[in-house]
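In this text, all values refer to a predicted model and were calculated from it rather than measured experimentally. In what follows, every heavy atom counts, from backbone to side chain, and hydrogens, waters and symmetry copies are set aside. Order of the sequence lines sets the chain letters (A, B, ...), proteins ahead of strands, with each chain counted from 1.
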Amino acid sequence: MPRLSMIQWTGLLVFLIAVFVLVPAYIAASGRTDFYYTLTSVALLSIASAGVWLTFYIGRINIGQGAFALIGAYVSAILVTKAGISFWLSLPLAGLFAALVSVLIGVPILRLRGVYFAMITLVLTQVVTLTALALPVTNGAKGITSIPLPGEISVFGLTVIPDFAGLENPRLAFYYTSCALMVLTFAAMYRLVNSRLGHLCRSMQQNEELASSIGVNIAYIRVIVFAISSFLGGIGGAMFGSIAQSVYPSSFQVTDSVNFMLNCFLGGLGYVFGPMLGTLVLYFGWDLLFELGRYQLLVYSGLLIILMLFLPNGLLSLRIRGKGVAGR
Amino acid sequence: MEQILANGIYLGAQYAMIALGLTLIFALMNVLNFAHGQMYVLGGFVTYTFYGQLGWPFVVALLASCVTLAVLGALIEKFLFAPVIRRSSREESTMLLAAGLAFFFDAIILLVFGEKQRGVPKIVNGVLNWDFRIIMPYDRILICFLAILSIVGFIVFMQYSKTGRALRALAQDRTAAQLMGVNVERYSMIGFAIGAMLAGLVGGLLVTITGVNLGMGGPTSIKAFMMVMIGGAGVISGAIAGGIILGFMEAIGLAVLSQYGDITYLLIFVSLMIFLAIRPQGLMGKPWG
């Protein structure tokens with residue numbers, strides 16, 4: 001179990017207060033309620049990006065997270081609308097289903113490396129989109145619409161989570177839920193990276209043959225890691241579907257898969273919290289540039305290129321420069 | 001049956017050209033060029049401007065496409081890819097750069113040419129009708145012929161010219177090539193320029209048939225990735241084989257499965273995944289390229 005230093009505890013505390021107290025207070029004061037949607041999206045996308053980061057951690061470039069996010073969104077939507085299951089139960093089920101699919105696909109394709117793996121995962125996103133278009137249960141291009149909002153959870157008559165439809169501000173509720181999920185995800189990620197499994201992953205990232213020769217079961221670990229990654233993708237996708245109350249085959253596309261990868265790159269691949277920062281910067285950057293109208297994409301992509309040119313190892317490499325890069 | 005074969009050859013020839021450029025760039029620099037489809041679209045728009053708008057001869061417009069993209073490719077390599085490869089601690093960082101470039105090209109195409117579908121007048125009129133067994137417009141035959149001619153020209157260039165030899169040496173072993181006195185930086189730039197030029201050339205050729213629009217870039221990149229995977233990344237013969245195989249699969253799929261709707265591509269994707277699970281390096285690739 002890794003021990004946190006005093007500074008890290010303070011940082012964590014500041015972060016939690018900022019996310020759960022200061023941001024809602026600021027939004028309430030300034031009246032910019034549209035920020036709720038933006039920040040909720042950031043939280044959810046960073047969960048999916050964390051999954052991509054984890055596959056990077058075993059040395060695989062994963063451009064297929066959109067596929068698992070779409071699977072998660074569809075599983076949750078189908079369970080809620082067709083089977084009438086509570087959303088809160090469908091959320092982990094969506095993640096587990098995505099993980100199951102990823103194990104089935106991962107066993108053969110995780111043998112691939114480098115660009116081969118990158119390209120096949122890119123194709124995977126396309127496969128899932130086309131499957132969603134072809135299958136009857138997903139309702140084709142029309143998608144699944146008017147998914148009910150998450151219902152109530154009560155233990156012994158005590159309401160733990162209120163019915164979202166009855167709330168006067170469901171956006172705030174979604175914000176809290178997503179942020180809670182994000183904090184949980186990254187806490188788990190931090191724990192995982194500093195555990196025995198994390199060390200094994202690092203050994204695989206550096207040299208798989210060597211790791212294998214000293215007794216690391218690489219085939220097992222990479223499937224496990226890929227499953228965890230897809231689980232996170234499924235959770236993020238399912239939550240997104242519930243917020244939008246609709247899922248279409250185009251909800252998560254190749255562009256989204258590429259964006260998940262970019263989030264990781266931008267934050268820095270050597271740092272657990274890289275994906276969170278990368279998502280925040282990319283998503284907010286995109287939103288802030290909205291006022292530029294037709295020049296939005298031009299400026300955004302230009303900035304992306306410049307950033308890559310000057311900080312090719314990610315944003316967080318600024319902070320750690322000189323101290324010796326951790327995790328590499 | 002003859003019709004399917006003819007369609008297959010036609011599709012295969014144009015696909016092979018797209019894949020050639022991508023695989024050349026990959027072989028030389030280990031860069032997965034996400035912006036390849038956008039380069040293709042850009043080439044189409046240049047030809048559209050010169051041939052369709054200004055009324056210049058088609059050959060001149062095609063040359064303009066090649067030159068524009070070659071210069072663009074050279075500049076991109078020199079000022080973007082080379083510095084990032086030098087500075088970055090992981091070589092995957094170039095993927096972010098390539099993805100950023102793809103967005104950037106999309107933005108430029110949107111601003112300069114708009115989002116409408118653009119077409120140009122036919123270069124030759126008329127339709128070949130061989131006893132209703134093969135029906136194919138003459139301009140398609142001409143484009144197919146030109147595409148095959150360019151592929152042959154490219155192979156001859158790579159085999160027999162001094163530049164081609166240097167590029168092949170670079171693709172085989174960068175360090176060894178450098179030790180033998182190949183100017184690695186210069187030839188990386190030339191290779192990237194040739195790869196981009198091929199994308200521009202095929203864009204210019206196809207604008208006469210399919211027209212061109214902003215949204216074609218991404219799907220074209222994905223198709224090119226698939227062809228490269230079928231044949232094996234970084235291998236020129238593999239790219240050609242991959243292009244032809246994909247072309248035939250598409251032609252056969254569209255003919256046989258048309259009554260089931262849009263299922264052809266799903267089947268192609270799934271069979272590709274199964275194929276790669278059995279043979280990860282593609283048909284002709286080196287293991288772990």
Which answer fits B/F105, side chain, backbone, both or neither, if we ask what part of it has an atom under 4.5 Å from a heavy atom of chain A?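 Contact with chain A is absent: no heavy atom of B/F105 under 4.5 Å.
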So which part of B/M226 gets closer than 4.5 Å to some heavy atom of chain A, the side chain, the backbone, both or neither?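 Just its side chain gets close to chain A.
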Pair listing, side-chain hydrogen bond (donor to acceptor under 3.5 Å, both in side chains) test, anchored in residues 220-231 of chain B, at least two apart: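 Qualifying pairs, neighbours excluded: B/Y15-B/K223.
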Side chain, backbone, both or neither: which part of [X] has a heavy atom under 4.5 Å from chain B?
X	value
A/F117	neither
A/I61	side chain
A/I120	both

Under 3.5 Å, is there a donor-acceptor pair between the side chain of A/R60 and the main chain of A/Q205?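 No; judged by distance alone, with no hydrogens or angles, the pair does not exist.
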Please check if the side chain of B/R168 supplies one atom and the backbone of B/Q172 the other of a donor-acceptor pair under 3.5 Å.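 No, because the side chain of B/R168 does not come within donor-acceptor range (under 3.5 Å) of the backbone of B/Q172.
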How long is the gap from SG on A/C264 to CD on A/Q65, to the nearest 0.5 Å?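 Going from SG on A/C264 over to CD on A/Q65, the span is 8.5 Å.
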From A/I144 CD1 over to A/I78 CD1, what is the distance, rounded to the nearest 0.5 angstrom?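 The CD1 atom of A/I144 sits 4.5 Å away from the CD1 atom of A/I78.
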Which residues in residues 107-116 of chain B have any heavy atom closer than 4.5 Å to a heavy atom of chain A?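 Residues in range: B/A107, B/I108, B/L111.
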Proximity of residues 297-304 of chain A to chain B, residues having a non-hydrogen atom under 4.5 angstrom: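 Hits under 4.5 Å: A/L297, A/L298, A/S301, A/G302, A/L304.
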Within a 6.0 Å radius of atom CD on B/E185, are there more than 12 heavy atoms belonging to other residues, nucleotides or ligands?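 No.
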Check: A/F68 ring centre within less than 6.0 Å of A/F252 ring centre: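 That pair fails the under 6.0 Å test.
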Between the side chains of A/R222 and A/E208, is the shortest nitrogen-to-carboxylate-oxygen separation below 4.0 Å, so that they form an ion pair?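 Judged by the 4.0 Å cut-off on N to carboxylate O distance, A/E208 and A/R222 do form a salt bridge.
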Is the shortest side-chain heavy-atom distance between B/L11 and B/F248 below 4.5 Å?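 They are not in side-chain contact.
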Look at the aromatic rings of A/Y57 and A/W53 and report parallel, tilted or perpendicular, splitting at 30° and 60°.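 Parallel: the ring planes of A/Y57 and A/W53 meet at under 30°.
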Please report the closest heavy-atom contact between B/M189 and B/A74, naming both atoms and the distance.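 Reported closest heavy-atom pair: CG-O, 3.6 Å.
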Less than 3.5 Å apart, which donor and acceptor atoms pair up between the side chains of residues 124-135 of chain A and the rest of the protein, not counting sequence neighbours?
| from | atom 1 | to | atom 2 | distance (Å) |
| --- | --- | --- | --- | --- |
| A/T125 | OG1 | A/I63 | O | 3.3 |
| A/T125 | OG1 | A/T121 | O | 3.3 |
| A/T125 | OG1 | A/L122 | O | 3.4 |
| A/T125 | OG1 | A/S257 | OG | 3.1 |
| A/T129 | OG1 | A/T125 | O | 2.9 |
| A/T131 | OG1 | A/V127 | O | 2.5 |

